[in-house]
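Contents: one structure, followed by commentary.
In what follows, every chain begins at residue 1, and chains take the letters A, B, ... in the order their sequences are listed.
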Amino acid sequence: MSRLVMHVDIDAFYAAVEQRDRPEWRGRPLVVGAEPGRRGVVATCSYEARRFGVHSAMPIAEAVRRLPAETVYVRPDMARYAEVSREIMRVLGALSPIVEPVSIDEAYLDVSGLERLVGPPEVVARRTKAAIREAVGLTASVGIGPNRLIAKLASDARKPDGLLVVRPEEVRAFLDPMPLGALRGVGAVTARRLEQTGLRTVGDVRARPLEELRRRFGARIGTQVHLQSNGIADDRVHPAAERQSISKETTFAEDVVDSDVLRETLRWAAQEVGYLARHAARKGTLVTLKIRLHPFETHTRSRTLAAPTADDRILFDTAWDLYRADTHAGRAVRLIGLGLSGWAQAPVQPDLFADMESREQDPADDRLDATLDAIRRRFGRHCIQRGLSRRP
DNA sequence: TCTGGGGTCCTAGGACCC
DNA sequence: TCTGGGGTCCTAGGACCC
């Protein structure tokens with residue numbers, strides 16, 4: 001029996017919450033993000049704003065230039081969004097016992113067993129959308145497919161308020177026309193590299209031999225794009241994984257040279273990180289200082305401690321020491337912050353193969369297993385690390 | 001145009017050990 | 001005097017995701 005994965009994504013989440021709670025903002029361009037006139041970017045914007053070409057991660061100054069005067073700008077209210085998110089995840093938990101939240105407004109669900117209980121995938125998807133709308137008054141886009149990749153692309157394909165089910169026999173036709181950036185792990189840099197060799201769509205990648213892709217782009221990326229272009233991806237859904245690190249950083253309104261300001265900012269970050277770590281019942285051994293210098297040059301400096309800690313004072317002393325010892329000390333600083341990781345008793349992360357080999361054999365896994373076996377035979381047992389699996 | 005903040009994972013060189 | 005091979009840890013940087 002093949003698995004059925006559903007991806008749920010709330011449309012323009014932060015902006016939708018704001019418009020839901022302030023009716024006078026509905027129907028108007030709305031931006032949630034940095035304050036206009038200061039440094040920062042758009043976190044999310046309403047669909048009315050997207051019509052002007054504005055999108056997430058766009059510098060706020062550029063958004064202001066593009067948007068009309070009646071645009072509403074609001075700062076994010078994370079506590080409120082988190083509350084709405086918890087309610088949405090609760091609703092999803094009532095639909096399937098296997099829910100994996102991937103961010104504040106997105107989740108994967110294993111809906112394999114729901115056919116007999118609820119009905120065909122389309123019905124499951126419609127019910128999900130209706131339940132979310134009823135519970136929190138927001139619209140969601142929902143995609144269902146044989147694995148995470150296809151489910152995610154299916155939910156993206158009909159946004160906003162979308163619904164799409166892609167069946168196994170439809171996967172290739174669905175994927176082939178997509179741009180390379182649709183594949184997981186292919187961002188701007190990799191997409192450019194792929195395009196330089198004449199590859200433009202997922203179908204183009206699928207038409208190339210695996211060996212060539214591996215030779216040109218490296219074992220990891222080559223194998224990943226090959227598998228994905230054939231519609232092969234992780235179909236497992238697991239409950240939330242543990243956090244691997246906790247960090248706090250801030251960008252100054254203007255670049256800072258005053259070391260007192262840097263020191264006190266680092267002290268604040270250490271207190272925040274220490275507090276969060278203690279509340280997560282975590283102690284870490286790796287302290288990482290992050291600085292971004294003028295104009296936009298990022299560096300990290302880290303130190304492994306002899307004993308795990310969640311102590312503000314130790315975090316601050318370590319980070320400040322790293323800063324003072326750094327050759328860049330004294331230059332104008334745009335951003336400073338620190339992180340803590342390397343938890344005591346770190347959870348073991350099985351790699352993709354280990355997990356697949358220990359898994360109970362399922363006839364529907366044959367195609368995936370055959371492909372992986374072939375790759376293993378040709379390139380050695382350890383040629384694929386984690387990578388298609390985004391969570392332990 | 002001028003680039004947030006919070007994360008994950010991978011790579012690669014050097015140290016160090018056997 | 002010149003020089004193994006494998007494994008793991010540490011550190012810095014970078015691609016990518018939401």
Looking across every strand, which nucleic acid part, if any, lies under 4.0 Å from [X] by heavy atom: base, sugar-phosphate, or nothing?
| X | answer |
| --- | --- |
| Lys152(A) | sugar-phosphate |
| Val186(A) | sugar-phosphate |
| Thr288(A) | nothing |
| Ile104(A) | nothing |
| Ala188(A) | sugar-phosphate |
| Ile246(A) | sugar-phosphate |
| Leu322(A) | nothing |
| Arg192(A) | nothing |
| Ser56(A) | nothing |

**Asked** Going through the distances and angles, do Arg20(A) and Val84(A) end up as a side-chain contact (heavy atoms from CB on, under 4.5 Å)?
**Response** CA-CA 11 Å; Arg20(A) 179 195 73 173; Val84(A) 178; 3.8 Å; yes
**Asked** Dot-bracket for DNA chain B: what is it, with Watson-Crick or G-U pairs under 3.5 Å, [ ] where a pair crosses earlier ones, and | for a pair to another strand?
**Response** ....||||||||||||||
In whole Å, I'd like the distance from the [atom1] atom of [X] to the [atom2] atom of [N].
| X | N | atom1 | atom2 | value |
| --- | --- | --- | --- | --- |
| Ile10(A) | dC18(C) | CD1 | C1' | 14 Å |
| Glu100(A) | dC17(C) | CD | C1' | 14 Å |
| Leu293(A) | dT3(B) | CG | P | 16 Å |
| Glu242(A) | dG7(B) | CD | P | 14 Å |
| Arg184(A) | dT8(B) | CZ | P | 15 Å |
| Ile336(A) | dG5(B) | CD1 | C1' | 15 Å |

**Sub-4.0 Å heavy-atom contacts from residues 62-79 of chain A onto DNA chain B, ordered by number** = Glu62(A), Arg65(A)
**Prompt:** Want to settle it: does Arg292(A) or Ser245(A) sit nearer the 5' end of DNA chain B, counting the closest nucleotide to each?
**Reply:** Arg292(A)
**Request:** Could you say whether Pro295(A) or Arg243(A) is positioned toward the 5' end of DNA chain B, judged by the nucleotide with the nearest heavy atom to each?
**Result:** Pro295(A)
**Asked** Is the NZ or CZ atom of Arg148(A) positioned over Tyr108(A)'s six-membered ring, under 6.0 angstrom from the centre and within 45° of the axis?
**Response** yes
Of all the nucleotides listed ([options]), which has the minimum atom distance to the side chain of [X]?
| X | options | answer |
| --- | --- | --- |
| Glu249(A) | dC18(C), dA15(C), dG6(B) | dG6(B) |
| Arg301(A) | dG6(B), dG13(C), dG7(B) | dG13(C) |
| Val189(A) | dG4(B), dC16(C), dT1(B) | dC16(C) |
| Gln244(A) | dC18(C), dG5(B), dT8(B) | dT8(B) |
| Thr250(A) | dC18(C), dT3(B), dG5(B) | dG5(B) |
| Thr300(A) | dT3(B), dG6(B), dG13(C) | dG13(C) |
| Ser302(A) | dT11(B), dG4(B), dA12(C) | dA12(C) |
| Lys248(A) | dG6(B), dT11(C), dC18(C) | dG6(B) |

**Request:** Begin from the C-alpha positions of Ile10(A) and Thr139(A) and carry the test side-chain contact (heavy atoms from CB on, under 4.5 Å) through to its verdict.
**Result:** CA-CA 6 Å; Ile10(A) 309 300; Thr139(A) 66; over 6 Å; no
**Asked** Salt bridge between Asp312(A) and Arg267(A), side-chain N to carboxylate O under 4.0 Å?
**Response** no
**salt_bridge(Arg28(A), Glu70(A)) N-O dist < 4.0 Å** = no
**Item:** Side-chain donor or acceptor of Arg292(A) paired with backbone N/O of His299(A) under 3.5 Å
**Value:** no
**Spacing of CD1 belonging to Ile150(A) relative to OG belonging to Ser155(A), to within rounding of 0.5 Å** = 11.5 Å
**Separation between the P atoms of dG4(B) and dA15(C), rounded to whole Å** = 16 Å
**Prompt:** Would you call Phe296(A) stacked on dT3(B), i.e. ring centres under 5.5 Å apart with the planes less than 30° off parallel?
**Reply:** yes
**Message:** Please check if the number of heavy atoms outside Glu169(A) that lie under 6.0 Å from its CD is greater than 12.
**Reply:** yes
**Asked** Is Leu266(A) linked to Phe252(A) within one hydrophobic cluster, defined over Ile, Leu, Val, Met, Phe, Trp and Tyr using a side-chain heavy-atom separation of less than 4.5 Å?
**Response** yes
